[in-house]
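Structure, as structure tokens:
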Number of protein chains: 2
Amino acid sequence: MSLRYALLGLTAAFPSTGYELARIFDRSLDYAWHASHSQIYPELKRLSDEGLVEVVGEGARNSKSFAATAAGRQVLREWLVETEPVRKVRDESSLRLFLTSLLEPADRLTVLRRELAHLEAHMEELDRLAKETASRATPSAFASMIDLGQRVMPVTRGWLLDAIAQAESGLPDALT
Amino acid sequence: MSLRYALLGLTAAFPSTGYELARIFDRSLDYAWHASHSQIYPELKRLSDEGLVEVVGEGARNSKSFAATAAGRQVLREWLVETEPVRKVRDESSLRLFLTSLLEPADRLTVLRRELAHLEAHMEELDRLAKETASRATPSAFASMIDLGQRVMPVTRGWLLDAIAQAESGLPDALT
DNA sequence: CACTACATGTAAGCTGTTACATGATTGG
DNA sequence: CCAATCATGTAACAGCTTACATGTAGTG
């Protein structure tokens, strides 16, 4: 169900095409919720059938802009305000970090270094996004999430650096 | 596929029953990867059919302990060392934090405060777990993950406190 | 004119959730 | 002896991935 609320929120903030929504997931929401276009288009159709979003404009290349309706915004609000939060994270990176601790130091170093490179690439991407966001008039929801990412990632990076230092000094926990 | 690697890792670290694995997911792995028993039992059966785990003991109440075989550990190692990390996070809490920014300040406060309470409960739980882990001989993989959580959560907490302070001062971004 | 980015969709198969179902052991 | 916890499973359904499929508009 989370996907539909994500779509309701985004289209409530500003009318978007399915394609644009897919890009938003890909660029800014990827560390909160992942979704691909093949999931987004059918869900938009369903939401539209249920009157929770509506087409508010058609552009070039047969594109359609969707916006959340009053009913849609209401459904979103109810979900946020009335549903107890649940903790059902699925984050392959975190899982990998956990499992990596089980490898022998040589393999562990390989994996940790690659994870670090990935994280740093992601951090740069976020910094770029933050600059873009600052220069344009972007809803503050995005700025907040970018801020959260910019606070959390350096901490994860610190953990990785420590783990790498420890693996380099050749410590315990061999799997093989 | 992540579930099977998680199970291979856990059973490689120490033989476990399906029930124990379900508890581990529930208590320590929940902020990396979530899985329920109805998914764990069939997957263990499949892994066992494929020779990647094996039954290493039977206990009370028809319980069976599984351990990763050499082949299973090899499959896990290959996945960790040879697969490029992907970023397909699904974290409802993060999504909610994002969407909450779209609500009017009154609702936003309600939701943020509840998220804060949840996070703080989770932090306490982690602290308890950290103590348990320190007193017993637990594999350091768990200690590492707890450490990561203990580093990351206070940062998220800080973000939440800032967001709450901002909402209290009655700032922008009303959805309705 | 070719390439890239824009733009939307479908279908088969796999993964994950919710609900149902059953039974054993321990502690109060 | 009753409730809670331990312990394992299945089935229907919902959600997600991968691959296929098609076409448009802008840029060099």
Side-chain angles (χ1 to χ4, degrees), chain A residues 1-8 10-11 15-27 29-30 32-50 53-66 79 83-92 95, chain B residues 1-8 10-11 15-27 29-30 32-50 53-66 79 83-92 95:
Chain A
M1 288 280 91
S2 294
L3 175 63
R4 59 173 26 209
Y5 299 115
L7 294 176
L8 285 172
L10 292 169
T11 55
S16 320
T17 66
Y19 188 83
E20 285 164 348
L21 291 165
R23 286 192 84 229
I24 291 169
F25 275 99
D26 222 44
R27 297 189 56 196
L29 271 184
D30 55 354
W33 198 265
H34 171 84
S36 60
H37 79 273
S38 59
Q39 216 190 337
I40 291 169
Y41 288 117
E43 188 65 42
L44 278 174
K45 175 138 200 325
R46 244 170 278 142
L47 287 167
S48 164
D49 290 346
E50 292 169 39
V53 302
E54 60 187 349
V55 176
V56 292
E58 314 205 1
R61 279 167 272 197
N62 312 317
S63 72
K64 282 172 286 181
S65 280
F66 292 89
W79 181 65
T83 311
E84 276 301 302
V86 284
R87 213 166 54 216
K88 291 187 183 180
V89 181
R90 283 210 167 76
D91 177 359
E92 203 174 281
L95 178 63
Chain B
M1 291 279 91
S2 293
L3 175 62
R4 58 173 27 208
Y5 299 115
L7 294 176
L8 284 173
L10 291 170
T11 55
S16 321
T17 66
Y19 188 83
E20 285 164 348
L21 291 165
R23 286 193 85 228
I24 291 169
F25 276 99
D26 223 44
R27 297 189 56 196
L29 270 184
D30 55 353
W33 198 266
H34 170 84
S36 59
H37 79 273
S38 59
Q39 217 190 337
I40 291 168
Y41 289 116
E43 189 65 43
L44 278 174
K45 175 137 201 323
R46 244 170 279 140
L47 286 166
S48 164
D49 290 346
E50 292 168 39
V53 302
E54 60 188 349
V55 177
V56 292
E58 314 204 0
R61 278 168 273 201
N62 312 316
S63 72
K64 283 171 283 179
S65 281
F66 292 90
W79 181 66
T83 311
E84 273 304 300
V86 284
R87 213 166 53 216
K88 291 187 184 181
V89 180
R90 283 210 168 77
D91 178 359
E92 203 174 280
L95 178 63

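We name chains A, B, ... by the order of the sequence lines, and we start the count at 1 in each one.
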Nearest whole angstrom, please: distance from the [atom2] of [N] to the [atom1] of [X].
| X | N | atom1 | atom2 | result |
| --- | --- | --- | --- | --- |
| B:Glu43 | D:dT8 | CD | C1' | 16 Å |
| A:Leu21 | C:dC6 | CG | P | 14 Å |
| A:Ile40 | D:dG15 | CD1 | P | 15 Å |
| A:Arg23 | C:dA5 | CZ | P | 10 Å |
| B:Leu44 | C:dG16 | CG | P | 14 Å |
| B:Tyr5 | C:dC14 | OH | C1' | 14 Å |
| B:Arg4 | C:dG16 | CZ | C1' | 15 Å |
| A:Asp91 | C:dG16 | CG | P | 14 Å |

Step-by-step side chain to side chain contact (heavy atoms under 4.5 Å, CB included) determination, B:Trp33 to A:Val89: CA-CA 6 Å; B:Trp33 198 266; A:Val89 181; over 6 Å; no
B:Lys64 vs D:dC6: side-chain N/O to OP1/OP2 distance below 4.0 Å: no
C:dC6 phosphate, OP1 or OP2, under 4.0 Å from A:Tyr19 side-chain N/O: yes
Residues A:Leu21, A:Tyr41; criterion side chain to side chain contact (heavy atoms under 4.5 Å, CB included); working and verdict: CA-CA 9 Å; A:Leu21 291 165; A:Tyr41 288 117; over 6 Å; no
Earlier contact from the 5' end, DNA chain C, for A:Ser63 and B:Met1: A:Ser63
Most 5' of A:Ser65 and B:Trp33 on DNA chain C, judged by nearest nucleotide: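 Here A:Ser65 is the residue nearer the 5' end.
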For the atom pair [atom1] ([X]) and [atom2] ([Y]), what is the distance rounded to the nearest 0.5 Å?
| X | Y | atom1 | atom2 | value |
| --- | --- | --- | --- | --- |
| A:Leu3 | A:Leu47 | CG | CG | 8.0 Å |
| B:Lys64 | B:Lys45 | NZ | NZ | 8.5 Å |
| A:Thr83 | A:Met1 | OG1 | CE | 11.5 Å |

Nucleotides 17-28 of chain C: protein proximity per nucleotide (B base, S sugar-phosphate only, - neither; heavy atom, under 4.0 Å): BBB----BBS--
Pair B:Arg23 + B:Glu20, salt bridge at N-O below 4.0 Å: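 Between B:Glu20 and B:Arg23 there is no salt bridge, as every charged N stays at least 4.0 Å from the carboxylate O atoms.
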Salt bridge (charged side-chain N to carboxylate O under 4.0 Å, His left out) involving A:Asp30 - partner list, sequence neighbours excluded: B:Arg87
